[in-house]
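Each residue takes its place number in the sequence, starting with 1. In listed order, ligands and their atoms are each counted from 1.
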Amino acid sequence: MARVALVTGGSRGIGEAISTALKEAGYSVAATYAGNDEAAGKFRDATGISVYKWDVSDFEACKAGVAKVEADLGPVEVLVNNAGITRDKPFHRMDLDQWRAVISTNLDSLFNMSRAVWDGMRSRNFGRIVNISSINGQKGQFGQVNYSAAKAGVIGFTKALAQEGAAKGITVNCVTPGYIATEMVKAVPEDVLKAKILPHIPVGRLGEPGEIGRSVVFLAGDDAGFITGSTLSVNGGQYLA
Ligand code: CAA
């Protein structure tokens, strides 16, 4: 039987590439989304991947959502915590809502989702959790105090939970993408992207979503059991952590 993989924010951007890469690798995939019904419907029709709508910052919604996925597809053995948002503003203009939205969607969600699958993974002595952090959680980024804090938190979460999962066959790793050609990066003002970001990417281009998808498939593999607590940088050489 194919292992079941659940990808949060799995119908658009990097998440879409992760969902399709896992499907191509033979997993039975479920993708969550938060609000864009049209994009999720298109994604489902194009890929045949089941989509589920809930808010990953809501603990009870995650519990209920995971129960529904498990009833439909079977126990979740691979969880990819990918869902994330940006609310970029210089700190002197960042308000509490922008802070809270990013921390709850990008970091609280890891608690909510991982807690919902953890007991099952422990009881089966197998699990893979792959968290999508960011280069900006490693190096910080002007205009992203909220996002950088959340994404740095993702790395700490990964390292701590990896220690707890190790004896139970559960690995917990994270990927830190650099600037990948998705809507999120395209929202960065063109002049900022050209002047402040692209010149710092030695590979000389934005990354492709599929390059993150393949990294996740690698970490999710049954044969990746000795890799845990690690941070895999996929950033074109922009930051060497
Ligand atoms: N370093 C130093 N100074 C900077 C700077 C930087 N990176 N970016 C902007 N500034 C300076 C500008 O030069 C400007 O200075 P002056 O007033 O002296 O001219 C000042 O800050 C204001 O800049 P803006 O006119 O751009 O101000 P703004 O309020 O319109 O926008 C901003 C500010 C929202 C931070 C905008 O610059 C921005 O979006 N920057 C990009 C942030 C970024 O990289 N986000 C990543 C998104 S992709 C992602 O998050 C995915 C991932 O994981 C990688």
Side-chain angles (χ1 to χ4, degrees), residues 7-19 21 33-36 39 56-57 80-110 113 130-159 173-216 219 230-241:
V7 184
T8 67
S11 66
R12 291 199 294 139
I14 287 177
E16 175 177 6
I18 295 170
S19 297
Y33 72 103
N36 191 332
V56 290
S57 70
V80 185
N81 284 310
N82 164 76
I85 58 169
T86 54
R87 296 287 183 270
D88 294 0
K89 278 277 183 267
F91 188 62
H92 61 273
R93 284 199 278 113
M94 185 176 289
D95 65 27
L96 186 58
D97 286 347
Q98 289 157 345
W99 169 261
R100 284 195 175 138
V102 170
I103 298 294
S104 62
T105 299
N106 298 14
L107 183 58
D108 290 348
S109 59
L110 268 67
M113 288 299 300
V130 183
N131 299 318
I132 306 304
S133 176
S134 165
I135 184 175
N136 292 342
Q138 296 171 298
K139 71 171 186 58
Q141 169 60 42
F142 189 104
Q144 287 198 310
V145 169
N146 48 5
Y147 187 87
S148 299
K151 292 298 192 181
V154 169
I155 297 172
F157 178 101
T158 299
K159 290 179 176 177
N173 291 288
C174 66
V175 177
T176 51
Y179 282 73
I180 308 297
T182 63
E183 279 172 40
M184 189 182 269
V185 167
K186 285 175 197 151
V188 174
E190 182 80 16
D191 54 329
V192 175
L193 197 61
K194 280 202 176 129
K196 298 229 157 58
I197 293 164
L198 282 171
H200 299 290
I201 306 177
V203 167
R205 62 172 174 86
L206 296 176
E208 292 299 327
E211 293 177 307
I212 306 302
R214 288 198 295 282
S215 311
V216 172
L219 292 170
S230 75
T231 301
L232 178 58
S233 295
V234 187
N235 64 29
Q238 186 183 350
Y239 184 74
L240 306 175

Could you tell me whether [atom] has a protein heavy atom closer than 4.0 Å?
| atom | result |
| --- | --- |
| atom 1 (N) of ligand 1 | yes |
| atom 4 (C) of ligand 1 | yes |
| atom 16 (P) of ligand 1 | no |
| atom 54 (C) of ligand 1 | yes |
| atom 24 (P) of ligand 1 | no |
| atom 21 (O) of ligand 1 | yes |
| atom 32 (C) of ligand 1 | no |

Part of Lys151 within contact of ligand 1 (heavy atoms, under 4.0 Å): neither
Minimum-distance protein heavy atom relative to [atom]:
| atom | value |
| --- | --- |
| atom 47 (C) of ligand 1 | Val188 CG2, 3.4 Å |
| atom 45 (N) of ligand 1 | Asp88 OD2, 2.8 Å |
| atom 12 (C) of ligand 1 | Lys196 NZ, 4.4 Å |
| atom 44 (O) of ligand 1 | Tyr179 OH, 2.8 Å |
| atom 37 (O) of ligand 1 | Val192 CG2, 3.8 Å |

Mark up the atoms of ligand 1 that fall under 4.0 Å of a heavy atom belonging to [X], in ascending order.
| X | answer |
| --- | --- |
| Val185 | 48 (S) |
| Ile197 | 44 (O) |
| Gly178 | 54 (C) |
| Thr86 | 50 (O) |

Trace of the side chain to side chain contact (heavy atoms under 4.5 Å, CB included) decision for Ile85 with Asn106: CA-CA 7 Å; Ile85 58 169; Asn106 298 14; 3.7 Å; yes
Verdict with reasoning, Ile155 to Gln138, per side chain to side chain contact (heavy atoms under 4.5 Å, CB included): CA-CA 9 Å; Ile155 297 172; Gln138 296 171 298; 3.8 Å; yes
Taking every non-hydrogen atom, the tightest pair across Ala83 and Gly9: CB-N, 3.8 Å
Shortest non-hydrogen contact from Trp99 toward Val145: CZ3-O, 4.0 Å
contact_flag Asp191 ligand 1 heavy-atom lt 4.0 Å: no
Contact (N/O only, under 3.5 Å) between Asn136 and ligand 1: no
Any N or O of Ser134 closer than 3.5 Å to N or O of ligand 1: yes
Regarding [atom]: of the candidates [options], which has the closest heavy atom?
| atom | options | result |
| --- | --- | --- |
| atom 11 (C) of ligand 1 | Phe142, Phe91, Tyr147 | Phe142 |
| atom 46 (C) of ligand 1 | Gln141, Arg93, Gln144 | Gln144 |
| atom 39 (O) of ligand 1 | Ala195, Gly143, Gly84, Pro189 | Pro189 |

Within 6.0 Å of NZ in Lys89, more than 12 heavy atoms from elsewhere: no
Which distance, rounded to the nearest 0.5 Å, do you find between the [atom1] of [X] and the [atom2] of [Y]?
| X | Y | atom1 | atom2 | value |
| --- | --- | --- | --- | --- |
| Ile132 | Leu232 | CD1 | CG | 9.5 Å |
| Glu183 | Ile14 | CD | CD1 | 12.0 Å |
| Glu190 | Leu193 | CD | CG | 6.5 Å |
| Asn235 | His200 | CG | NE2 | 13.5 Å |
| Thr182 | Glu208 | OG1 | CD | 10.5 Å |
| Thr231 | Asn131 | OG1 | CG | 9.5 Å |

Full working for side chain to side chain donor-acceptor pair (under 3.5 Å) between Ser233 and Thr176: CA-CA 5 Å; Ser233 295; Thr176 51; 3.2 Å; yes
Verdict with supporting geometry, Asn173 and Ser230, side chain to side chain donor-acceptor pair (under 3.5 Å): CA-CA 5 Å; Asn173 291 288; Ser230 75; 2.8 Å; yes
From CA spacing to verdict: side chain to side chain contact (heavy atoms under 4.5 Å, CB included), Arg87, Val102: CA-CA 7 Å; Arg87 296 287 183 270; Val102 170; 3.7 Å; yes
